[in-house]
Amino acid sequence: MKLILLGAPGAGKGTQAEKIVEKYGIPAISTGNILRAAVKDGTEMGLKAKSFMDAGQLVPDEVVIGIIKDRLKEKDCENGFILDGFPRTIPQAQALLDSGIDIDKVVDIEVPDEAITKRMSGRRVCSKCANSYHIEYKKPKVDGVCDACGGELIQRKDDAPETVLARLAEYHQMTEPLKDFYSKLGKLTVVEGQEDVADTTALVYAALED
């Protein structure tokens with residue numbers, strides 16, 4: 001089973017990737033992680049990537065795809081994989097297609113922007129022990145105070161409403177067009193994200209086994 005997971009920031013894509021890994025025993029390939037690993041290991045593609053990174057430039061798509069192809073040759077990918085975080089744009093998707101990497105399904109987890117903004121902007125993190133809370137879904141016993149250590153609960157910059165909205169706008173402009181791209185290839189399956197993570201997971205499993 002060779003998958004791509006799509007979804008806006010905050011749609012719960014990472015959690016669903018973990019659930020698929022648990023159920024099907026295939027690895028989730030995070031492009032950021034394998035890029036860093038390739039650079040650290042000094043592979044041919046890793047050295048190419050490092051030359052661009054050292055110059056303060058974006059790593060070209062063909063180099064990223066080369067690193068992905070190297071990773072997919074490893075034994076744990078024999079029964080499939082999940083690509084998480086790549087492709088992000090139409091040119092990247094086309095380059096992936098042209099490279100001969102075969103994809104069975106593309107699962108898009110749909111959550112309305114309003115729900116994502118509410119979910120992310122309501123998160124609070126302890127400034128001391130990093131325990132996480134939510135102003136609606138996981139309230140501390142005392143408002144603004146960590147249950148575990150008494151530390152102050154703060155909102156991370158990434159969770160500020162203006163930051164969330166900016167990331168969503170970028171997603172809609174750059175990544176959302178991939179839905180149409182993969183729909184035309186007959187690969188796209190859309191899953192409506194639910195309030196309960198387990199309910200979303202059940203829908204994802206059903207989509208994969210359809």
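None of the values given here were measured: they were computed from a predicted structure.
For Lys187 and Asp104, the salt-bridge test fails: no basic side-chain N is under 4.0 Å from an acidic carboxylate O. At a threshold of 4.0 Å, the pair Glu136-Arg119 does not count as salt-bridged, since none of the basic side-chain nitrogens sits closer than that to a carboxylate oxygen. A salt bridge does not link Arg167 to Asp113: none of the charged nitrogens lies less than 4.0 Å from a carboxylate oxygen.
Glu110 pairs by the side chain to side chain donor-acceptor pair (under 3.5 Å) definition with Lys179, not counting sequence neighbours. Legend: residues meeting side chain to side chain donor-acceptor pair (under 3.5 Å) with Lys141, ordered by chain and number and at least two apart, are absent. In terms of the salt bridge (charged side-chain N to carboxylate O under 4.0 Å, His left out) criterion, Arg124 has no residue partners (sequence neighbours excluded). Under the rule for a side chain to side chain donor-acceptor pair (under 3.5 Å), the partners of Thr201 that lie at least two apart in sequence or sit in another chain are Gln16.
Note that the CD1 atom of Ile29 and the CG atom of Asp76 stand 6.0 Å from one another [nearest 0.5 Å]. Of the inter-residue distances, the one linking Met120 atom CE with His134 atom NE2 reads 10.0 Å to the nearest 0.5 angstrom.
Side-chain atoms of Arg71 and Pro27, non-hydrogen and from C-beta on, do get closer than 4.5 Å to each other. With contacts defined as side-chain heavy-atom distances shorter than 4.5 Å, the pair Leu153/Ser127 does not qualify. Between Phe81 and Leu72, the closest side-chain pair of non-hydrogen atoms falls below 4.5 Å. For the pair Tyr24/Lys19, no side-chain contact is recorded, criterion being any heavy-atom separation below 4.5 Å from C-beta on. Looking only at side-chain heavy atoms (C-beta outward), Pro161 and Gln155 come within less than 4.5 Å of each other. Considering only heavy atoms from C-beta on, Ile26 stays 4.5 Å or farther from Val21 through its side chain. Residues Met53 and Val39 have side chains in contact (heavy-atom distance under 4.5 Å, counting atoms from C-beta outward).
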Check your understanding: Given Met45 and Val59, is the side-chain contact (heavy atoms from CB on, under 4.5 Å) satisfied, shown in steps?
Key -> CA-CA 10 Å; Met45 284 293 174; Val59 180; over 6 Å; no
Exercise for review: Check the pair Phe86, Ile65 against side-chain contact (heavy atoms from CB on, under 4.5 Å), reporting the backbone distance first and the verdict last.
Suggested key: CA-CA 9 Å; Phe86 191 93; Ile65 288 173; 3.8 Å; yes
Review point. Under the side-chain contact (heavy atoms from CB on, under 4.5 Å) criterion, do Val106 and Thr189 qualify, and how do the steps go?
Key: CA-CA 6 Å; Val106 178; Thr189 299; over 6 Å; no
Review point. Stepwise, does the side-chain contact (heavy atoms from CB on, under 4.5 Å) test hold for Thr117 with Leu168?
Key: CA-CA 9 Å; Thr117 304; Leu168 287 170; 3.8 Å; yes
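Residues Leu188 and Leu97 are members of one and the same hydrophobic cluster, defined by side-chain heavy-atom contacts under 4.5 angstrom among Ile, Leu, Val, Met, Phe, Trp and Tyr. Connection of Val197 to Val111 is not established within any shared hydrophobic cluster, with ILVMFWY side chains joined at heavy-atom distances below 4.5 Å, either directly or through further cluster members. Hydrophobic clustering of Ile, Leu, Val, Met, Phe, Trp and Tyr side chains at less than 4.5 Å, counting indirect connections, keeps Leu5 apart from Met174. Put simply, Ile82 and Met1 are part of the same group of oily side chains (I, L, V, M, F, W, Y) that touch within less than 4.5 Å, one to the next. Cluster annotation: Leu83 is connected to Val190 through the hydrophobic network of ILVMFWY side chains, with a link wherever side-chain heavy atoms come within less than 4.5 Å.
Of the possible polar contacts, none joining the Thr163 side chain to the Asp159 backbone as a donor-acceptor pair under 3.5 Å is found. Proximity of a side-chain donor or acceptor of Ser132 to a complementary backbone N or O of Val125 within less than 3.5 Å is not detected.
Heavy-atom minimum distance, Cys146 versus Tyr133: SG-OH, 3.3 Å. Annotation for Ile116 and Ala8: closest pair CD1-CB, 3.8 Å, computed over non-hydrogen atoms. What you find for Gly151 and Cys126 is that their closest heavy atoms are CA-SG, 3.9 Å. Closest non-hydrogen pair, Glu192 versus Leu203, comes out as O-CD1, 3.5 Å. For the pair Ala148 and Asn131, the tightest heavy-atom approach, listed with the atom from each and the gap, is CB-ND2, 3.3 Å. Summarising the geometry of Asp108 relative to Gly7, their closest heavy-atom pair is OD1-N, 3.8 Å, with the distance given to 0.1 Å.
Other residues, nucleotides and ligands place more than 12 heavy atoms under 6.0 Å from the CD atom of Glu176. By the 6.0 Å contact criterion, CG on Asp158 is enclosed, its count of non-hydrogen atoms from other residues, nucleotides or ligands being greater than 12. Heavy-atom neighbours of Glu209 CD from other residues, nucleotides or ligands within 6.0 Å: above the threshold of 12.
Among pairs with a residue in residues 37-61, those fulfilling side chain to side chain donor-acceptor pair (under 3.5 Å) read Lys50-Asp54, Asp61-Gln92, at least two apart in sequence or across chains. The stretch residues 181-210 participates, sequence neighbours left out, in no ring-ring contact (aromatic ring centres under 6.0 Å, His included) pair at all.
The one candidate from Asp84, Thr15, Leu208, Val107 that meets the side-chain contact (heavy atoms from CB on, under 4.5 Å) condition with Ile20 is Leu208. Only one option out of Ile4, Val64, Asp102 pairs with Leu96 in a side-chain contact (heavy atoms from CB on, under 4.5 Å); it is Ile4.
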